[in-house]
Amino acid sequence: MGVWQEINGRSFRDVFLKKEVTKMRSIHKIVVAVMVAILTISTGKVSSLNAIEGIPFSGDVVGGVNISYTNATADTISWYFINPTIKNWGNAKGIAFRMKNNIPDGGGSPLHFAINETDSDRIMPFYNNGVNKIQFVNLDGTFTENALRDFDNAVILPGGFDGYVYLPFSSFHFDSTNFGNSTMDIANIWGIYIGTNTKYDSFSNYDFGDIEIVNADDTTTKILDLSEVTELNLGSHLMKDYMGEFVNFTRLPGAKSDEIDFDYSTVQLQGDLSFGANISYQPSEVDHLAITKLTPTTLDWSNGIALSLRIKNNTSLTTPIEITVHETSGEIFITDKSLDTIYFVTLDGTMTSNAYRDWDSRMCIPSGFDGYAIIPLKSFLLLNTAVNDGLLDLANIYAMFLGVSNFKNYDAFANYKVGDIELIKQDSVSLLTDFATLDEAAFQMAVSPDVNGTEIIVSRLGDEVVIVPTPATRFGDVKVLEDFEYETTEEIQTEYPLWSGGSTVINSLYPDGGMLVEIGGTVPGNNIYASLDIFPKSKVSDWTVWNDGGENKDQAAQGITFYVKNLSPKEITINLEFEEKTDTAFERWNIKYGAMIMLQDKNGSEFIVHAKPVFAIPVGFEGWVRIDFSQYWVPEWCTTGDLVLDLTQPITGFFLTTDTTKNEGLSYVIDDIGIYYNKTAVSSLFYTPSNSFNTNMGIE
Amino acid sequence: MKKNVVLGVALAVLVGAVACEPAVSSSIASNTSSIESNSESSISTDTFEHKGNEGVEAIFEEELGYYNYSPSIMQLDATTRLVYYVSNETKNVANDVIYFRQGTLQNDAYVYGERQVALTPSDDGWDKVRVNAPDVIKGEFTYNSVSYAYLMAYSGNAIEAGKQYQVGLAVSLLPEGPWIKVGTEPIVKYDPVVYGSTFGAGNPSLVSFNELGQVRLFVTFADEYLTGTRVYDLDLSNLNDIKGLDAHRYVSVQGLEEKDMGLLPMLHNADFATSVDGTQLFVVRDQNPLATINPTVATSIQIAQADTKILNEIEYEWATLQTIADFETLNPDDVNSLGWPRIYSGTFVSDGYGHLTSTTDFEIGYSSSSVATSPTDTTYQFTPAIHIYEYQGTN
């Protein structure tokens with residue numbers, strides 16, 4: 001193992017990881033050594049004790065955050081992300097974190113640090129055979145100098161330590177998961193990550209405060225002063241990241257109070273979803289936005305301070321949407337998180353902020369959110385070249401636009417409802433669009449697919465729009481995610497759209513229940529596979545949660561189950577794929593070659609069949625299917641992810657695929673797609689296991 | 001316990017050149033009922049031609065021109081065993097008929113008697129062209145109100161090509177026969193319209209579950225997409241009312257190893273046996289890939305062991321015990337021996353119920369063959385012979 005050994009850890013949430021990982025991997029290995037040399041030269045060498053003597057650290061933990069952890073069963077590092085106020089660190093030579101270890105003694109608390117540049121270059125402290133040193137500076141200026149931990153480069157925060165953890169940049173190296181251009185530019189910092197192994201070190205408990213950089217002239221600059229961060233804004237600076245569910249934040253006292261220039265929580269909003277629009281998307285083969293145009297009835301927004309959009313997220317996934325406003329002049333304005341935040345007010349009046357995605361300024365509708373998105377008009381920034389004055393002219397609005405990245409591997413799952421649009425003024429609220437008053441023609445003017453509009457599915461809502469999500473139906477160890485309880489074929493086809501890049505199947509409502517799938521022919525120029533997309537549904541509140549089985553709702557699912565009926569005189573080969581969403585990737589799981597699949601027909605006979613190479617529905621078969629997760633793998637074409645199925649991550653959907661060249665003209669019915677939680681064995685004449693289909697499904 | 005035939009392509013090659021000539025001896029030609037004659041069929045030769053000598057000697061020698069393969073070997077008592085196998089009736093004319101020979105232990109070696117006919121193709125019906133791959137067990141099987149003590153499962157087909165096999169049953173009061181075919185339909189059917197015209201269902205292997213009428217039936221099932229082995233739990237106590245045919249499981253291949261590492265194992269042409277208490281399952285099966293030069297059969301067989309729960313629970317795996325390849329078949333009496341270049345159709349020498357009385361030391365029967373010396377050479381077709389390998393494992 002050379003100097004540039006790989007760090008044992010996971011990559012972090014970063015849009016660049018999605019896009020750049022493949023192409024940068026090879027480049028990185030070649031140039032990394034050179035770049036580190038550049039880094040060292042540019043930042044200077046800080047490896048002696050004298051280097052920090054007299055440096056005037058001044059950070060404190062006032063308004064800081066107490067960090068504690070929940071124990072995790074998996075051997076993994078849980079991370080949080082720090083978004084500093086200052087991201088141009090000029091020619092700094094190191095960084096200091098104000099920390100107070102609340103564990104008074106013992107062997108210390110191991111911490112992992114990482115710093116990312118905007119292009120995804122990442123550096124982390126590096127042991128380097130003990131050569132690299134970091135300093136623990138006490139409040140009285142005295143300090144000790146330690147090496148990093150040899151086997152994982154961790155910084156060991158001493159028990160009871162109260163002071164500054166100083167990390168000279170010379171002690172860093174590029175991480176193995178570096179995906180930038182391998183030229184670390186500390187004038188363009190993205191943020192800082194701190195991680196702890198929550199299996200072994202979840203005892204850790206420390207207070208975390210201001211962060212300073214040490215400039216070349218030994219002065220310091222605070223890049224994050226938490227006492228200046230209000231409660232409302234804390235989420236913009238401190239976020240849970242990979243495996244962040246095991247990280248706990250508790251705010252320390254002394255932070256600046258929120259001074260919002262307008263208290264939107266007191267505004268009486270009246271808009272509703274009645275006769276509004278449901279918007280969903282066809283997955284795209286290319287990375288682009290599908291943009292829906294919203295044209296309010298009233299386009300003069302004079303004196304307004306914010307827009308209120310009645311909105312409901314039909315999925316249990318956070319859904320990013322780009323919001324732009326176009327002027328009649330042609331100027332386009334886009335929300336920018338540096339100007340203001342977006343507020344979400346639930347129907348019961350609870351307001352939250354921090355609604356922007358961390359790496360851009362897209363509004364992130366929280367999972368299952370049902371309420372009002374309030375978008376301050378001052379948050380709009382000119383996007384294109386100014387043709388007028390570059391300022392949003394509220395009296396001359398053309399329309400607003402909602403853009404979703406519907407690339408098949410990004411946010412094609414988006415499915416939400418929009419309703420009335422209101423204009424919030426200092427002392428009043430007025431309706432810009434009242435959907436209930438629009439006839440059909442007016443509705444189509446008010447909500448229209450625009451850019452890549454053929455991939456947008458807009459349907460008008462009735463007046464029965466309030467659907468209270470309920471937990472999935474369960475019986476035995478089965479949690480049913482898709483019960484196909486619809487009344488019309490149109491509903492089925494809206495909920496389960498056909499992949500546009502593939503070949504043909506026709507799905508419809510089957511009279512006896514379930515979804516009928518009739519396999520058509522190959523579409524010239526398209527993929528020979530046809531795929532129906534099955535994304536999380538609004539009516540099932542816990543669709544994406546697959547580790548909530550058993551009596552204590554903490555049992556991970558064991559596999560996929562569904563009910564299927566072969567209507568044809570031939571075997572039909574299908575694949576029920578699913579997608580795991582990690583912080584950095586979407587990982588597709590397919591039935592693997594040679595998989596063993598368990599069946600129970602409607603008469604109670606049970607089978608184990610091999611994949612051919614996917615699931616072949618036997619001739620005449622009607623009954624339950626169980627596919628253990630061990631019988632799934634990540635196909636070669638899916639190059640993202642870690643090849644480890646992690647059911648603590650959300651599952652973003654199923655893909656019901658079939659090879660039309662082998663199955664054209666055949667048809668089947670599928671129903672009750674779900675997951676099961678217990679290991680299952682197959683019964684036979686000579687073997688009655690305790691964990692049979694019937695036992696697990698609660699059938700006597 | 002059992003033996004078997006090779007997969008479709010291999011079989012077609014093995015017998016293909018002359019298989020279109022249904023060979024009918026006088027004894028079989030007279031067999032127009034479902035009751036098979038048990039007459040001995042001596043091989044008359046003017047000049048006895050010996051088969052090849054690449055490896056260890058055969059357990060009995062038939063002349064070059066008569067192939068012997070797909071053995072099923074039942075140990076009747078401490079000194080007697082029966083070998084059921086497949087051969088051709090007429091020298092150098094390929095047709096598949098099931099024969100048996102009785103072996104008697106003499107001076108630490110089995111001496112085999114003359115071959116006798118066990119089962120022949122029917123005059124008409126699903127098994128009118130070939131019968132092969134026999135496997136026989138003891139038990140109590142009632143058929144048409146008569147209780148029989150022996151059950152044979154066998155492959156048969158009704159077309160000249162070595163495809164579209166199906167599996168049938170026959171019963172007998174004695175291990176020597178006569179054998180009565182059960183019904184006129186196969187017990188495991190293969191529909192080429194549904195599954196494609198390929199090998200089909202064949203190479204049955206029987207293991208008794210309760211030493212009475214309950215039996216596990218293993219069948220190679222090869223359609224156009226998949227080759228594997230199915231297992232049926234059957235109650236054959238009343239062969240007029242068979243129970244269990246409505247469900248089957250494919251046998252796991254997890255833990256098996258092919259010659260080319262990384263290849264997904266394919267389980268076919270396999271014989272199964274259990275420990276006496278039934279908790280341990282053993283398999284001997286052809287390894288893949290098959291040879292590419294005639295005969296295109298396996299060049300090695302593999303023995304593996306697993307918990308019998310592997311038949312019902314997918315997390316169980318096989319543990320491989322031994323691979324028998326050319327090196328394991330060297331002729332100890334011939335320093336120039338290179339071992340058999342083709343080794344296939346393994347079978348356990350088991351008791352009457354398909355049990356291994358010792359799970360650490362047992363015998364394996366297998367078929368061998370010489371290899372074609374040129375693309376036009378067909379003499380290899382009539383060289384297959386049957387051998388024994390003594391497996392000695394560890395506890």
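A note on names: the letters A, B, ... follow the listed sequences, proteins ahead of strands, and every chain is numbered from 1.
Judged by the 6.0 Å distance and 45° axis criteria, B:Arg249 is not positioned over the aromatic ring of A:Phe607. Annotation: cation-pi geometry not satisfied between B:Arg216 and A:Phe686 (NZ/CZ under 6.0 angstrom from ring centroid, within 45° of ring axis).
Ring planes of A:Phe629 and A:Tyr632: tilted class, angle from 30 to 60°.
Identified by a heavy-atom distance below 4.5 Å to chain B, the contributing residues of residues 670-679 of chain A are A:Lys679, in residue-number order.
Residue B:Phe282 forms a ring-ring contact (aromatic ring centres under 6.0 Å, His included) with just one option from B:Phe218, B:Phe362, B:Phe272, and that option is B:Phe362.
Residues B:Gln287 and B:Glu258 bring no donor and acceptor atom of their side chains to less than 3.5 Å of each other. Side-chain N/O atoms of B:Gln305 and B:Trp318 include no donor and acceptor closer than 3.5 Å. At a cut-off of 3.5 Å, with distance as the only test, a side-chain donor of A:Tyr687 or B:Glu313 sits close to an acceptor on the other residue.
The candidate with the highest count of non-hydrogen atom pairs below 4.5 Å against chain A, out of B:Val253, B:Asp223, B:Thr308, B:Asp235, is B:Asp223.
Only the backbone of A:Ser683 comes within contact range of chain B, judged by heavy atoms closer than 4.5 Å. Residue contact with chain A, scored on non-hydrogen atoms closer than 4.5 Å, is absent for B:Arg230. Of the two parts of A:Ala616, neither the backbone nor the side chain holds a non-hydrogen atom closer than 4.5 Å to a non-hydrogen atom of chain B. Proximity to chain A (any heavy atom under 4.5 Å) is shown, for B:Val231, by neither the backbone nor the side chain.
Taking every heavy atom of both residues into account, A:Asp548 and A:Lys553 meet most closely at O-CD, 3.1 Å.
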